[in-house]
Peer 1: 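What follows is a structure written as structure tokens; I'll ask about it next.
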Amino acid sequence: MQLKNDLLLRTLNGETTERTPVWMMRQAGRYLPEYRVLREKYGFFERCQTPELACEITLQPVDIVGVDAAILFSDILVVPQAMGLEVQLIESKGPVLPDPIKNNNDLQRVRVPDVNETLGYVFDAIKLIKQELNGRVPLIGFAGAPWTILCYMVQGKGSKTFDEAKAFCYTQPELAHQLLQMITDTTIAYLQQQVAAGADTVQIFDSWGGLLSPADFEELSLQYIRQIVTVLKEKIPVIIFAKGAWHSLENMAATGAKGLGIDWCIQPERARQFAGKDVVLQGNFDPAKLLSPIPVIQKEVKQMLDAFGPGNHIANLGHGILPNVPVDHARAFVDAVKNHKHHS
Ligand code: CP3
């Protein structure tokens with residue numbers, strides 16, 4: 001199927017396109033009233049596991065805010081679920097894993113599953129989404145980075161510091177590396193099947209990469225991300241988003257990933273120096289800035305796009321969109337990118 005809008009893919013392949021492509025992390029979610037309607041009726045994992053619902057939610061931001069890419073509606077925590085852990089999503093509390101991994105005994109409950117048996121519903125959703133998108137925009141598949149998944153599997157819930165997950169790695173490094181390798185093996189198989197089902201590119205979310213020192217980031221996160229990229233990059237462009245891990249942009253670029261996400265705490269110019277000239281940078285609008293008046297959003301989008309310059313940039317937020325962002329502000333962000341003219 002020929003894509004009608006392939007700005008994202010051409011940018012990832014190094015082409016300077018007629019304008020900068022734009023999408024928003026967590027664009028399929030609670031800021032959309034149309035999503036909140038489905039949220040009243042169905043549980044979170046029910047929405048993930050029912051291809052028709054996942055498809056409908058994936059398409060919402062394409063139809064409503066006009067982004068240049070769809071991202072699969074699912075969650076990074078379907079992987080620990082498939083590996084044998086119970087995962088609950090509790091209103092106003094976020095994810096809870098009631099039986100987290102604390103020792104070798106717990107690790108015996110974890111397996112590297114057959115992804116077709118455990119995550120087949122995701123591949124069915126992707127096939128349906130590709131059909132319904134009908135070539136309008138590319139589809140982004142995704143998974144969590146092994147380190148970020150370990151954080152939830154060990155801590156058992158969200159955290160500002162993930163100190164228990166870190167303590168597990170620092171006191172039982174052998175177990176930690178066993179677990180990270182199992183997550184990595186599962187993730188490689190999972191992403192390969194997402195691509196086989198029709199994902200045009202995949203993003204690896206390392207939301208908690210920035211909690212680690214540069215040396216620990218290499219040891220506990222990047223060496224596993226590298227394994228994933230090495231396999232996947234043969235088939236499709238890969239984007240790594242390791243929030244707060246700007247110190248390792250050069251090493252992330254060296255994995256062969258085509259795109260690197262950055263958050264709003266680093267200047268585009270400085271990120272470019274660290275990352276080198278070839279890789280595509282993605283970001284880096286402060287998600288909370290979408291709460292400012294629309295003229296401020298428009299002004300700051302212009303500043304951001306001028307700082308990145310034409311080519312090698314995908315406009316995005318520096319982290320997920322917040323649930324309290326008005327839809328017209330999200331649309332103003334997307335439109336400001338679409339209307340921007342780079343001076344040549
Ligand atoms: O980007 C998209 O719109 C696609 C869908 C998507 C979701 N989660 C749906 C979701 C994606 C790509 C994710 C990734 C994800 N999930 C990450 C990495 C990105 C990031 O934001 O750092 C993480 C850390 C998670 C784990 C997770 N899932 C948390 C911490 C929470 C609760 C807090 C929150 O942001 O809501 C979730 C739930 C979740 N995942 C929701 C959605 C739409 C909200 C569910 C609801 O209340 O309806």
Side-chain angles (χ1 to χ4, degrees), residues 28 42-58 70-90 94-102 104-131 139-158 165 175-207 224-225 227-229 231-232 235-236 238:
Y42 308 95
F44 180 71
F45 289 109
E46 192 181 4
R47 276 171 269 147
C48 293
Q49 288 163 10
T50 311
E52 291 72 21
L53 292 175
C55 176
E56 183 177 345
I57 299 170
T58 299
I71 179 161
L72 166 71
F73 177 78
S74 184
D75 199 83
I76 62 168
L77 298 175
V78 300
V79 166
Q81 234 172 19
M83 294 179 75
L85 289 199
E86 185 184 341
V87 181
Q88 305 165 347
L89 206 77
I90 297 179
V96 173
L97 291 78
D99 302 305
I101 306 301
K102 299 290 179 190
N104 192 24
N105 231 356
D106 296 329
L107 197 60
Q108 303 313 310
R109 290 188 273 123
V110 179
R111 59 178 183 271
V112 176
D114 176 331
V115 293
N116 288 313
E117 266 168 32
T118 49
L119 293 161
Y121 61 88
V122 174
F123 316 134
D124 292 341
I126 290 177
K127 288 176 201 152
L128 186 60
I129 293 163
K130 286 295 286 184
Q131 201 180 310
L139 175 63
I140 305 168
F142 71 90
W147 158 250
T148 287
I149 297 298
L150 176 142
C151 280
Y152 288 101
M153 286 176 102
V154 174
Q155 191 89 17
K157 54 182 186 301
L175 289 188
H177 283 291
Q178 266 179 41
L179 180 55
L180 286 165
Q181 191 59 54
M182 290 171 84
I183 302 167
T184 302
D185 294 344
T186 307
T187 303
I188 290 173
Y190 178 47
L191 289 176
Q192 281 181 308
Q193 288 308 107
Q194 288 192 23
V195 173
D200 297 292
T201 171
V202 295
Q203 175 157 315
I204 301 168
F205 284 92
D206 200 3
S207 306
Y224 296 99
I225 292 176
Q227 293 181 36
I228 301 169
V229 176
V231 176
L232 268 295
K235 298 201 177 110
I236 35 90
V238 180

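Heavy-atom basis, side chains included; hydrogens, waters and symmetry copies ignored.
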Peer 1: State, to 0.1 Å, how close C151 and A165 come at their nearest heavy-atom pair, and which atoms those are.
Peer 2: CA-CB, 3.8 Å
Peer 1: With sequence neighbours left out, what residues match D114 under salt bridge (Lys or Arg N to Asp or Glu O under 4.0 Å)?
Peer 2: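 D114 satisfies salt bridge (Lys or Arg N to Asp or Glu O under 4.0 Å) with no residue once adjacent residues are dropped.
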Peer 1: Considering non-hydrogen atoms only, spot the tightest contact between F123 and Q194 and give its length.
Peer 2: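 Closest heavy-atom pair between F123 and Q194: CE2-N, 3.7 Å.
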Peer 1: V238 and I228: side-chain contact (heavy atoms from CB on, under 4.5 Å), yes or no, with the steps?
Peer 2: CA-CA 9 Å; V238 180; I228 301 169; over 6 Å; no
Peer 1: Looking at F142, Y152, W147, which one forms a ring pair (Phe, Tyr, Trp, His ring centres under 6.0 Å) with F205?
Peer 2: F142
Peer 1: Please round to the nearest 0.5 Å and tell me the distance separating atom CG of D75 and atom CG of L89.
Peer 2: 7.0 Å
Peer 1: Under a 3.5 Å distance rule, please check whether T58 uses its side chain to pair with a backbone N or O of F73 as donor and acceptor.
Peer 2: yes
Peer 1: Please enumerate all residues that pass salt bridge (Lys or Arg N to Asp or Glu O under 4.0 Å) together with R111, with sequence neighbours excluded.
Peer 2: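 Checked R111 against salt bridge (Lys or Arg N to Asp or Glu O under 4.0 Å); zero matches.
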Peer 1: Search all heavy atoms of L139 against all heavy atoms of L72 and return the closest pair with its distance.
Peer 2: CD1-N, 3.7 Å
Peer 1: If I compare all heavy atoms of S74 with all of C48, which pair ends up nearest, and what's the gap?
Peer 2: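 Shortest heavy-atom contact: CA-SG, 3.9 Å.
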Peer 1: Taking it one step at a time, do L191 and V231 satisfy side-chain contact (heavy atoms from CB on, under 4.5 Å)?
Peer 2: CA-CA 10 Å; L191 289 176; V231 176; over 6 Å; no
Peer 1: Nearest 0.5 Å please: distance from the CZ atom of F45 over to the CD atom of Q88.
Peer 2: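 F45 CZ to Q88 CD: 9.0 Å, rounded to 0.5 Å.
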Peer 1: Please report the interatomic distance CD1(I183) to OH(Y190), rounded to the nearest 0.5 Å.
Peer 2: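 The CD1 atom of I183 sits 14.0 Å away from the OH atom of Y190.
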Peer 1: Could you go through the side-chain contact (heavy atoms from CB on, under 4.5 Å) check for D124 and K127 one step at a time?
Peer 2: CA-CA 5 Å; D124 292 341; K127 288 176 201 152; 4.1 Å; yes
Peer 1: Is the shortest side-chain heavy-atom distance between P100 and V154 below 4.5 Å?
Peer 2: no
Peer 1: Set out, in order, the CA-CA distance, both residues' side-chain angles and the distance that settles side-chain contact (heavy atoms from CB on, under 4.5 Å) for Q49 and Q81, then state yes or no.
Peer 2: CA-CA 12 Å; Q49 288 163 10; Q81 234 172 19; 4.2 Å; yes
Peer 1: Taking all non-hydrogen atoms of both residues, which atom of I76 and which atom of G144 are closest, and how far apart?
Peer 2: CG2-N, 3.5 Å
Peer 1: List for me each residue that meets salt bridge (Lys or Arg N to Asp or Glu O under 4.0 Å) alongside K157, sequence neighbours excluded, and say none if there are none.
Peer 2: none
Peer 1: Nearest 0.5 Å, please: how far is CG in L232 from CD1 in I188?
Peer 2: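 Here the rounded value is 7.5 Å.
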Peer 1: Considering all heavy atoms of both residues, which atom of P80 and which atom of M153 are nearest to each other, and what is their separation?
Peer 2: CB-CG, 3.8 Å
Peer 1: Is there a side-chain contact between I204 and V229 in this structure, where contact means two heavy atoms from C-beta onward sitting under 4.5 Å apart?
Peer 2: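 The answer is yes, as the side chains (C-beta and beyond) meet within the 4.5 Å cut-off.
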Peer 1: From I149 CD1 over to L77 CG, what is the distance, rounded to the nearest 0.5 angstrom?
Peer 2: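 The CD1 atom of I149 sits 5.5 Å away from the CG atom of L77.
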Peer 1: Counting N and O atoms only, with roles assigned by atom type, does the side chain of R109 sit under 3.5 Å from a partner on the main chain of G84, one being a donor and the other an acceptor?
Peer 2: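 Not at all, since once roles are kept as given, no pair shorter than 3.5 Å links the two residues.
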Peer 1: Which value, rounded to the nearest 0.5 Å, describes the distance between T186 atom OG1 and L119 atom CG?
Peer 2: 9.0 Å
